[in-house]
Structure formats: structure tokens, C-alpha cells
Amino acid sequence: MAAHTQPIAAQGAAAPVDPYAALNVLDPKAMEPLNKRLTKNWEAGIYKKKWVEVTAFRNLKFIEGAQWLAINPQARLVDRPLPTPDFPRSITNRMVKIHDDLVTAVSTGKFPFINKPATDDPEDHATAEVLDRFDDVMFEEAEIATQRRIADAWLCGTGNVFLFPYYDYDLKWGTKPVNFLNCPTCEAKYAEGDEKLQFGDKCPDCVTRMTGAMPIEQLQAQPDIAAAMVAAVPSMTPSTEDMPIGRLRNKTYSLFEIVFDNMIPYGTEKPWFFCRHRYSIEKAREEFSGFAAKIQEGMSDVTPPSHIDYQEALAWIGSAFGTGTGGVERKPAAVTVQRYYEMPSAEYPLGLLITRIGADLIVDAKPLFKDGEEQVNPLVQIVDRITPGSAWGKSRMTDITPLQIRRNIIESLGQLSFQRTGAAKLLIPFSSNVKNVTGESGQVIEYQPVAHPTGTPSEPHYLEAALNNIGFIERWLAQIDM
């Protein structure tokens, strides 16, 4: 039994296999296990997610005043059939007013960064004053003001918003010359001022390897020998390179674009998640040019989370409403691009970052983190109202939508009452030979009068508008609006 408890390396076994060495996207067989892994997690993530998406889409539809629109299975917005074009619909959209007030209230708030000096040293006071302005600089660089309006609109409308902060090293943000020291022996590179440079222009790695073979007691007893060994290390050569300055950025995602395990409640670490995007065929071929030949219209695609692409429907909701157009137009050709993020595990100690197009075309697979990098989940979820045990937050607009539905019915009832009884009616007996009626009677009705015992003939007369129920309708609307 003792032999089995020894380390594998001590038994002469081979070193552990690097799991990332097999991530060759050009080898379809090597990608089969990853495809199965992604498909399994995707199916787990979209299970029953439609319950969340349907409610969120309903909220947004009502906020936009497009509650009379329906969506067909091909993700097309179409006009809901109405009896007549002038059929009374809602007149006052109270939901958009409440939603905009919530967004404004959330967007104007700001968490204060208060920096206090640690000591009475003037340098600490100066540092604290600089840091007091740091958040303003950071917010301006990341365009937080614009990002917040977008994020807050999703948060208030659907109850959830996802933030993906990152540092963008794109050269479009400019470059800055940086001095380096290059080791001619081990080819290591150190930026000028690196804290590891403790031996002047000597490579610290080479010095460590040279002096590491000697016992520390000998190095302390014979400093001249240690100094001679350091001096024997070749000096590093200076160089200057233009390095990207970069900029702090953020991506904002809605619940329609994020897929994760719905069984894991909010506030608990998510071991994996998908960011879902829709690309046109041309954009996908341009961005993933090495796989352009495999990106075709009609290629196999993953199932949308709700079997209906609500995110795509939202892109058309403004233009489709009131145009009278249906779903007969041809949809633009597009593919689903999934970016899969998996946190470190025993199988993949540096995590996974995989990009897949459609149902099975993996175009990129690499570690999520670099060796030695802090391993923090990059996705931040913010919810409006926490639902215990649920992975998703609840929007306050969900409770207001039924009130708007009831208001639509009552307000339509009031409009119908005005149309049908809100104008005076002229009653004209048959054979009365009435001509040249003046005034604006809402309706002219001919009738057969009942004979009077007195023999007095009937004459035309008006019936005033019957608006006795309007006051009740107004009180009912006022009660809903409270």
C-alpha cells in the first residue's frame, strides 16, 4: 500500500499532460469533447429560461407602448388582429413614465469614493487628494455616464443587467514608449524600474540560477565570490518599445444574451456562462476569416433560449409598430456566436474561453486566465429585486404591467362610451318631412311614434349625450394610477 501513496513523479511516471495542448481548433476530432461540453451546458442553461424571458419581453413591450404587437415563431413582430383600424387602444402609457423615473433615479446616484490619508505625512494627504479625483477620471475614461443609462434601462425593465468590465489594449487608444532591459542569455525582458531588478543591469533569473547552486551560508560567508558570480552574468541590453496605453471599458449585456445554469441562485459563483451574440454572415466571415468557408447561410445553429429570439425581436419593435407590415419579409441571414467562459477546475486549472459559431464550429479555444493571474469571474450580475432561490432578479415593472393592462381596458371602455353615447341624437318620426337639420347631431334616428290619446302629433326632438358612467370610469382610472 505504501508504494501507491508515493507521488507519481517519484515513481518515474511521465509528467502530467497539459490539457491546453490539445486545444487545436483546426482538428475537428480534438474539438469533439469541447463541442459536447458546450452543448451540454447550453441545453442546461436554456432549460425553462423562457419563463424569465417571456416576462421580461412583455415588460419591455408595454414600456414601448407596443403591447398590441404579437410575435410569431420566426421572431417576427406582427400587428395583433384588431376588429377595425380605429378600435380603441390605450391612450396613456403610464408604464413608460414609471420606467423613465426609475432609470433617472438610479442613473443619478453615485457611490462616493472617500480616500483618507493613513498618516499626517504630507505625501499621504497629497495621495488622498489625487485618489479623490481618480473615480472621476475612471468614469470619464470608461464612459460610465452613457453605459449607466443603458445598464439602468435593462435593470429597471427586466430586473437584470450584466456588466463585463475589461481593459482594452487596442492600439486605437494610443501608445507610449517604454524602456526595457533584455537578457541575451535567457531572453527574459524586464521593464525599466521593475522591482525584480535588484542586481543593476544583470538578469535576476540568471543570477538566481547561478548563485542558487551554492548554500546560502557559503554566499553569506564569502560575499566576494557571490559578487564575482553576479559580475560574470552578461549585462542586459536596453531597448525601447511602443506599448499600448489601453483604456478601461465595459460591455453591457441583457438577460436575453447571457446563459448560465438556472439552478444556481443569485449571489452564488457561476462555474460557467455563455455570452450570446448574433452576427451577420458577412461580419462573422470578416472577424473569423480563417473559417470563412465554413460560415454559411443555413448552417446548423443552437436553439434560442426561448425557441424565440426576443433580443432580435426587440431590435424591430420600434420600427414594426404601427407600420402595418407583417412577417412576410425575408429575415437577414445571421448566425449565433457563443463565447463560453468556464472558471478554473481540476480539468482546466486556468479555465476555458471558447468561441463557437452555430452548433458545432469552434473557432477559438484558449485558457481564460494567464498563469499566476488572479482568477476572478469576469461577469457581474446586478438585479433589481432579489427573488430567494432564483438565479434571476425581478423587475418592479412586472407588478405594474397588470395594472397597465387593466388601465388599457378601462380607458378603452371610456373611449367607446364617448364614441357611442357622447354625442346628442336627433329622433325624427316617420313622415315628419324634416329637412335642413342644423347643428352637429351625433346620430339621426327615424322612428315610428306611438299614437297619443290626445291626438297630439309627435315631433322631432334631441336626446342629450348619456355620459353618466364617465365619472365612474375616471374614478377607476384614478384608483389604478395611485
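Source: prediction; values computed, not measured. In what follows, residues are counted from 1 in the order of the sequence shown.
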Review point. Is the count of non-hydrogen atoms from other residues, nucleotides or ligands lying under 6.0 Å from E286 atom CD greater than 12?
Key: no
Review point. Considering only heavy atoms from C-beta outward, does the side chain of P19 approach that of P349 to under 4.5 Å?
Key: yes
Practice item. Look at atom CG of D27 and say whether more than 12 heavy atoms of other residues, nucleotides or ligands are closer to it than 6.0 Å. Key: yes
Exercise for review: Write down the atom of E269, the atom of P271, and the distance for their closest heavy-atom approach.
Suggested key: O-CD, 3.6 Å
Practice item. Ignoring hydrogens and angles, tell me if any N or O in the side chain of R356 forms a donor-acceptor pair with the backbone of Y340 under 3.5 Å. Key: no
Review point. Any idea which heavy atoms bring P344 and Q375 closest together, and the distance?
Key: CG-OE1, 3.1 Å
Check your understanding: Would you call K49 and E53 a salt bridge, using N to O less than 4.0 angstrom?
Key -> yes
Check your understanding: Does G358 offer a backbone N or O that forms a donor-acceptor pair with the side chain of Q338 under 3.5 Å?
Key -> yes
Exercise for review: For the pair N179 (side chain) and P238 (backbone), establish whether a donor and an acceptor sit closer than 3.5 Å, ignoring hydrogens and angles.
Suggested key: no
Review point. More than 12 foreign heavy atoms under 6.0 Å from CH2 of W173: is that the case here?
Key: yes
Review point. If you round to the nearest 0.5 Å, how far is CG of L163 from CD of Q381?
Key: 10.0 Å
Check your understanding: Roughly how far, to the nearest 0.5 Å, is the CD1 atom of I46 from the CG atom of N41?
Key -> 11.5 Å
Review point. Is D168 salt-bridged to K251, cutoff N-O under 4.0 Å?
Key: no
Review point. Above 12 or not: heavy atoms from other molecules or residues under 6.0 Å from NZ of K50?
Key: no
**Study point:** Spacing of CZ belonging to F260 relative to CG belonging to L255, to within rounding of 0.5 Å
**Key:** 9.0 Å
Exercise for review: Check the pair D360 / K294 against salt bridge (charged side-chain N to carboxylate O under 4.0 Å, His left out), numbers first and verdict last.
Suggested key: CA-CA 11 Å; D360 49 23; K294 296 182 179 180; over 6 Å; no
**Study point:** Within-4.5 Å side-chain heavy-atom neighbours: E347 and R37
**Key:** yes
Practice item. Starting at CZ of R339, measure out to CZ of F274 and round the result to the nearest 0.5 Å. Key: 13.0 Å
Check your understanding: So do L352 and L34 actually touch side chain to side chain, heavy atoms under 4.5 Å?
Key -> yes
Exercise for review: Drop me the distance from H277's NE2 to I357's CD1, to the nearest 0.5 angstrom.
Suggested key: 11.5 Å
Check your understanding: Hey, does M343 have a side-chain heavy atom less than 4.5 Å from the side chain of L368?
Key -> yes
Check your understanding: Is it true that atom OH of Y47 has more than 12 heavy atoms of other residues, nucleotides or ligands lying nearer than 6.0 Å?
Key -> no
Check your understanding: Looking only at heavy atoms, which two atoms of G157 and S395 are closest? And how far apart?
Key -> O-OG, 3.5 Å
Check your understanding: For I245, does the CD1 atom have more than 12 heavy-atom neighbours from other residues, nucleotides or ligands under 6.0 Å away?
Key -> yes
Review point. Hey, does D205 have a side-chain heavy atom less than 4.5 Å from the side chain of C183?
Key: no
Check your understanding: Counting only N and O atoms by type, is there a donor-acceptor contact under 3.5 Å from the side chain of E187 to the main-chain atoms of P184?
Key -> no
Exercise for review: For the pair T108 (side chain) and A105 (backbone), establish whether a donor and an acceptor sit closer than 3.5 Å, ignoring hydrogens and angles.
Suggested key: yes
Check your understanding: Is the closest side-chain donor-acceptor distance between N59 and T158 under 3.5 Å?
Key -> no
Practice item. Could you tell me whether the side chain of D201 and the main chain of T237 form a donor-acceptor pair under 3.5 Å? Key: no
Check your understanding: Can you name the side chain to side chain contact (heavy atoms under 4.5 Å, CB included) partners of E32, sequence neighbours left out?
Key -> K29
Check your understanding: Any Lys/Arg nitrogen of D399 or R385 sitting under 4.0 Å from an Asp/Glu carboxylate oxygen of the other?
Key -> yes
Review point. Does the side chain of V130 reach to within under 4.5 Å of the side chain of H125, using non-hydrogen atoms?
Key: no
**Study point:** Side-chain donor or acceptor of R249 paired with backbone N/O of E141 under 3.5 Å
**Key:** yes
Review point. Are the side chains of L379 and K270 in touch, meaning some heavy atoms are under 4.5 Å apart?
Key: no
Check your understanding: Just by distance, with hydrogens left out, do E257 and S254 show a side-chain donor and acceptor under 3.5 Å apart?
Key -> yes
Check your understanding: Should D242 and L171 count as side-chain neighbours, where that means a heavy-atom distance under 4.5 Å?
Key -> no
Check your understanding: Is there a side chain to side chain contact (heavy atoms under 4.5 Å, CB included) between Q311 and Y253 once you walk through the steps?
Key -> CA-CA 11 Å; Q311 181 72 16; Y253 294 105; over 6 Å; no
Review point. Using 30° and 60° as the class limits, which term best fits the ring planes of Y341 and F273: parallel, tilted or perpendicular?
Key: parallel
Exercise for review: Decide whether N262 and W392 meet the rule of one side-chain donor and one side-chain acceptor closer than 3.5 Å.
Suggested key: yes
Study note, to complete from the structure: Note: R58 and P402 closest approach over all heavy atoms is NH2-CD, 4.5 Å
Practice item. Take D364 and F291 through the side chain to side chain contact (heavy atoms under 4.5 Å, CB included) test and state the conclusion after the steps. Key: CA-CA 10 Å; D364 189 27; F291 298 85; over 6 Å; no
Check your understanding: Atom OG1 in T355, atom CD in E287: separation rounded to 0.5 Å?
Key -> 8.5 Å
Check your understanding: Does R276 pair with D309 as a salt bridge, N-O distance under 4.0 Å?
Key -> yes
Check your understanding: After noting the C-alpha distance and the side-chain angles of V25 and V363, does the key distance pass the side chain to side chain contact (heavy atoms under 4.5 Å, CB included) rule?
Key -> CA-CA 6 Å; V25 296; V363 297; over 6 Å; no
Review point. Do side-chain atoms of S390 reach the backbone of I386 as a donor and acceptor pair under 3.5 angstrom?
Key: no
Check your understanding: Does the side chain to side chain contact (heavy atoms under 4.5 Å, CB included) test come out yes or no for M95 and T401, once each step is laid out?
Key -> CA-CA 7 Å; M95 281 191 65; T401 302; 3.4 Å; yes
**Study point:** Closest non-hydrogen atom pair between Y190 and C203, with its separation
**Key:** CE1-SG, 4.1 Å
Point to revise | For the student: nearest non-hydrogen atoms of G351 and Y20, plus distance | key: O-OH, 2.9 Å
